[in-house]
Amino acid sequence: MASPSAPKKRGFIRMDSLGGGNHGDDHGDSSKHHSTENYDSLTYVTDESDAWRAHMATEHYYHRGKFWNQGKHETSMRYVLLSLVGIVQAAVAYGTNICSSYFISSKYNHVYALLQDGSVFKSFIYFVCIQLGFAMIASAFVWLEPVAAGSGIPEVKCYLNGIDIPRIGDIKTLISKVLGVICSVSAGLPVGKEGPMVHSGAVVATTVSSRRTKNDKEKRDFVACGAAAGVCTAFSAPIGGILFSLEEGASYWSPSLTWRAFFCSMIALTTLYVLNGIGSAFGKVGFNKLFSFGNFIFEGRESSFAVYELFLFFILGVIGGLIGAIFNHTNEMITHWRMKHINYSKTRRFLEVMCISTIVSLVSFLLPLAWVKCTPIPEDDGSFSESQLELLDDLVAFRCVEGKEYNEMASLIFTDAGDAIRFLFHLHRHTFSTAALVLFFLFYITLAVVVYGIAVPSGLFVPSLLSGAAFGRLFGNIAKNLHPGLAHSNTYSLIGAAAVLGGMARMTISLTVILLECTGNEQFVLPLMITLMTARIIGGLFNDDLYHIHIHLKKGVKFLETELKSITRHHNLVAGQVMSDNVIFVKPVEKVGVIYDILKSCSHTNFPVVDTEDKSVLYGTIGRNALCFLLKNRAFGQPRKQFVDGTFAMSMSSDYLEVNPENKRFLPTLQWEEIEKSYPKYPSVKDLRISRSDRECYVDMRPFANTSPLTIHEGSSASRTYQLFRSVGTRCLPVVNRYNQVVGVITRSDLTPEALSEKMLKLGKKHA
């Protein structure tokens with residue numbers, strides 16, 4: 001145990017006499033966990049400094065006794081901003097749907113016209129070229145903004161977990177994401193636009209609230225609401241959007257955030273209906289214009305399935321979990337290869353998109369062309385509903401007799417993915433043969449596993465749902481042939497879609513509600529619950545969900561799960577063994593040169609403030625942004641001695657005021673609102689211009705230091721340390737001994753599974 005007089009000197013890295021020598025040599029193992037390659041962490045804890053307390057007291061005094069106080073003003077502005085988030089996101093989603101639908105229908109109409117004229121070669125060339133052109137445009141947007149690639153859900157999950165990924169919320173990212181996903185969907189790639197809508201909702205929330213948010217916590221809550229609005233506008237599922245943000249998105253949740261997400265989703269869905277009504281002839285909500293599976297109607301009886309069929313749904317869940325696990329593992333292997341051979345070059349990523357787009361176009365055209373069988377369209381015998389008759393009219397002929405026959409393979413490939421899902425969900429006769437379903441399923445899921453991860457904006461929902469719907473329909477056809485009394489195969493198509501998507505994404509509650517809201521039939525609650533739970537359990541036996549796999553593949557991302565793994569909890573690790581004992585600290589009154597050198601030599605975002613004049617106890621903490629802001633605004637001065645009460649005392653004289661360090665209260669050289677207004681664009685160390693004379697000046701950090709920092713005792717268990725760090729959302733957690741002296745610091749990097757495993761291995765070698 002360290003003595004109360006001073007901490008262990010080797011653990012404190014500085015450039016002056018209080019350091020342990022050469023900075024670079026003494027950094028030791030800490031360099032592994034505090035690498036500059038790591039992304040910064042967000043902080044959700046307010047710094048309770050003297051400057052902040054003075055600011056809050058002033059605000060309270062100004063609004064006391066008034067009906068319209070500061071709290072009511074902030075609450076009203078928060079809901080105004082949430083309304084804007086919902087309105088803007090609904091407009092973005094509606095525009096995306098309209099544009100992609102227009103491009104897709106125009107593309108296929110032109111191909112059909114050429115086919116009817118007998119120009120198979122011309123239609124083939126046009127089809128390949130137009131799809132390749134859309135794919136190249138989509139990849140070009142990712143070239144301009146690499147963060148726009150993929151679905152964006154892993155990035156949003158990382159941000160809500162407390163990881164500050166650069167440019168994730170920029171307006172440039174939003175433009176590239178939206179325009180890119182329109183082109184990637186129009187290119188006929190097995191991707192969806194629903195995942196990117198989650199990212200666009202998060203970016204819209206960040207952009208709309210940028211001038212009103214004052215800290216990371218407020219910004220995080222807006223992003224969570226934006227993600228919920230994104231799911232709501234993608235599936236027309238407001239409750240499902242809220243649950244998705246709760247289950248899959250946000251790592252920090254509260255009852256007040258539930259209400260805000262509910263309000264934002266309500267406004268988004270209302271706006272979506274209004275826009276759709278404006279686009280309709282008589283103001284009627286046309287669900288075919290929004291993303292919807294179409295309402296599942298009762299099949300002339302009390303239920304669409306029998307109770308004993310729940311066992312078949314369970315089997316579908318098992319198979320879906322296995323399919324999802326294979327899909328995730330295969331995509332992970334492809335992504336590893338892609339990171340090694342392609343992702344380091346923008347040119348290679350662009351060329352990869354061109355190659356994959358060409359292959360997809362070739363297969364998409366040649367499969368229907370090779371499927372020479374023309375199936376007669378079922379005649380209306382009075383058993384078809386109005387929506388089913390409309391679907392029969394939409395079946396694709398593709399070189400068959402228009403209006404009388406259809407090509408089974410073309411009806412699944414040569415159409416919008418949403419239309420293909422509706423065919424599989426609602427045409428409950430044997431519209432698609434077993435051979436067509438097997439061929440389409442293998443083709444589509446193989447291309448989907450390869451495409452996810454290329455340099456285009458892409459979603460996972462629709463490819464998973466469509467391939468799962470084909471598999472479920474196949475399962476239902478086989479089961480119906482063996483036992484004619486079973487439910488129609490379209491019921492198994494819905495359950496199969498849920499099984500495959502659940503096996504890949506491992507969602508349960510939110511996906512159940514999303515599918516129920518999309519289908520409009522509550523009788524499928526129990527089958528969906530059984531299927532999704534089974535798929536999650538079976539898939540989880542082999543690997544993580546696809547989003548977490550891609551999160552862990554990102555370099556520098558330190559994602560913290562909800563709780564520690566059991567092996568770590570029971571290994572008797574304590575905070576003193578987990579921490580990094582190489583601490584970079586500052587004193588309450590510090591030289592400008594020392595602060596500047598520290599900021600230049602490391603990338604730490606938070607520093608303990610250690611009072612070396614008082615047995616080196618922890619005075620507080622101060623952030624990197626605050627230090628840069630103080631130096632940028634020259635909040636420092638020259639020291640001088642004063643003769644007070646028979647003794648000499650040091651005082652600070654500057655352009656702003658004079659402060660006596662012997663006093664218990666300290667006046668800030670800058671007001672808190674000045675620091676607060678600079679959020680989030682604080683000055684960096686590159687913006688600082690420090691002269692030689694400035695280096696000898698002193699900065700009084702006592703008014704700006706967080707004097708009530710969260711700390712952990714060195715004897716606390718790793719489990720409690722992890723729980724405290726993750727639940728409060730802080731950047732760094734000082735580790736103290738019984739004398740309140742800093743003996744180490746715990747950051748996000750110290751609590752990752754890799755770092756904890758390394759600690760356990762070292763301890764095991766010591767005890768061996």
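Throughout, numbering of the chain's residues begins at 1 and tracks the sequence.
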Please check this pair: side chain of Thr519 against backbone of Leu516, looking for a donor-acceptor N/O pair closer than 3.5 Å. yes

Looking only at side-chain N and O atoms, does Tyr252 offer a donor or acceptor that is under 3.5 Å from a partner on Asp221? no

Counting only pairs under 3.5 Å, give me each side-chain donor-acceptor contact of residues 147-155, with atom names and distances, residues two or more places apart or in other chains.
from, atom 1, to, atom 2, distance (Å)
Ser151, OG, Ile153, N, 3.3
Ser151, OG, Tyr452, OH, 3.4
Glu155, OE2, Lys554, NZ, 2.7

Check whether Arg260 reaches the backbone of Tyr79 with its side chain - one donor and one acceptor, N or O, closer than 3.5 Å. no

Of all the heavy-atom pairs spanning Thr207 and Ser210, show the shortest one and how long it is. O-OG, 2.9 Å

Spell out, as yes or no, whether a donor-acceptor pair under 3.5 Å connects the side chain of Asn161 to the backbone of Ile163. no

Other residues, nucleotides, ligands: >12 heavy atoms within 6.0 Å of Tyr682 OH: yes

Please tabulate, for side-chain N and O atoms in residues 453-471, each donor-acceptor pair with protein atoms closer than 3.5 Å (sequence neighbours left out).
from, atom 1, to, atom 2, distance (Å)
Ser464, OG, Leu460, O, 2.8
Ser467, OG, Pro463, O, 2.8
Ser467, OG, Ser464, O, 3.2

Is the NZ or CZ atom of Arg473 positioned over Phe432's six-membered ring, under 6.0 angstrom from the centre and within 45° of the axis? no

In this structure, CG of Asp394 is separated from CG of Leu427 (nearest 0.5 Å) by 9.5 Å

Compute whether any side-chain donor of one residue and acceptor of the other, for Glu248 and Ser510, lie under 3.5 angstrom apart. no

Asn215 (side chain) donor-acceptor with Tyr44 (main chain) under 3.5 angstrom: no

Please answer whether the main-chain N or O of Phe134 pairs with a side-chain N or O of Ser186 as donor and acceptor at a distance below 3.5 Å. no

Please determine whether a side-chain nitrogen of the Lys or Arg among Asp170 and Arg167 lies less than 4.0 Å from a carboxylate oxygen of the Asp or Glu. no

To the nearest 0.5 angstrom, please state how far the CG atom of Leu424 sits from the OG1 atom of Thr431. 9.0 Å

Could you tell me whether Tyr102 atom OH has more than 12 heavy atoms of other residues or ligands within 6.0 Å of it? no

Quick check: are there more than 12 heavy atoms from other residues, nucleotides or ligands sitting under 6.0 Å from CE of Met266? yes

Glu517 versus Ser236, side-chain donor and acceptor atoms under 3.5 Å: no

For the backbone of Leu42 and the side chain of Asp216, can you confirm whether one donor and one acceptor N or O come within less than 3.5 Å of each other? no

Using atom types as modelled and distance alone, determine if a side-chain donor or acceptor of Ser106 lies under 3.5 Å from a backbone N or O of Phe103. no

Is there a side-chain contact between Thr534 and Ile537 in this structure, where contact means two heavy atoms from C-beta onward sitting under 4.5 Å apart? no

Any luck finding a side-chain donor-acceptor pair between Gln131 and Ser357 under 3.5 Å? no

Could you check whether any side-chain N or O of Asn328 sits under 3.5 Å from a backbone N or O of Met504, counting only pairs where one atom can act as donor and the other as acceptor? yes

Donor + acceptor pair across side chains of Gln388, His426 (<3.5 Å): no

Give me the atom names and distance for the closest heavy-atom approach of Ala268 to Thr233. CB-CG2, 3.8 Å

Counting only N and O atoms by type, is there a donor-acceptor contact under 3.5 Å from the side chain of Ser100 to the main-chain atoms of Asn97? yes

Could you check if a side-chain atom of Glu673 sits within less than 4.5 angstrom of a side-chain atom of Lys214, using non-hydrogen atoms only? no

Checking Asn490 side chain against Ser493 main chain: does a donor-acceptor pair fall under 3.5 Å? no

Validation row: Val181, Ser184 side chains within 4.5 angstrom (heavy atoms): yes

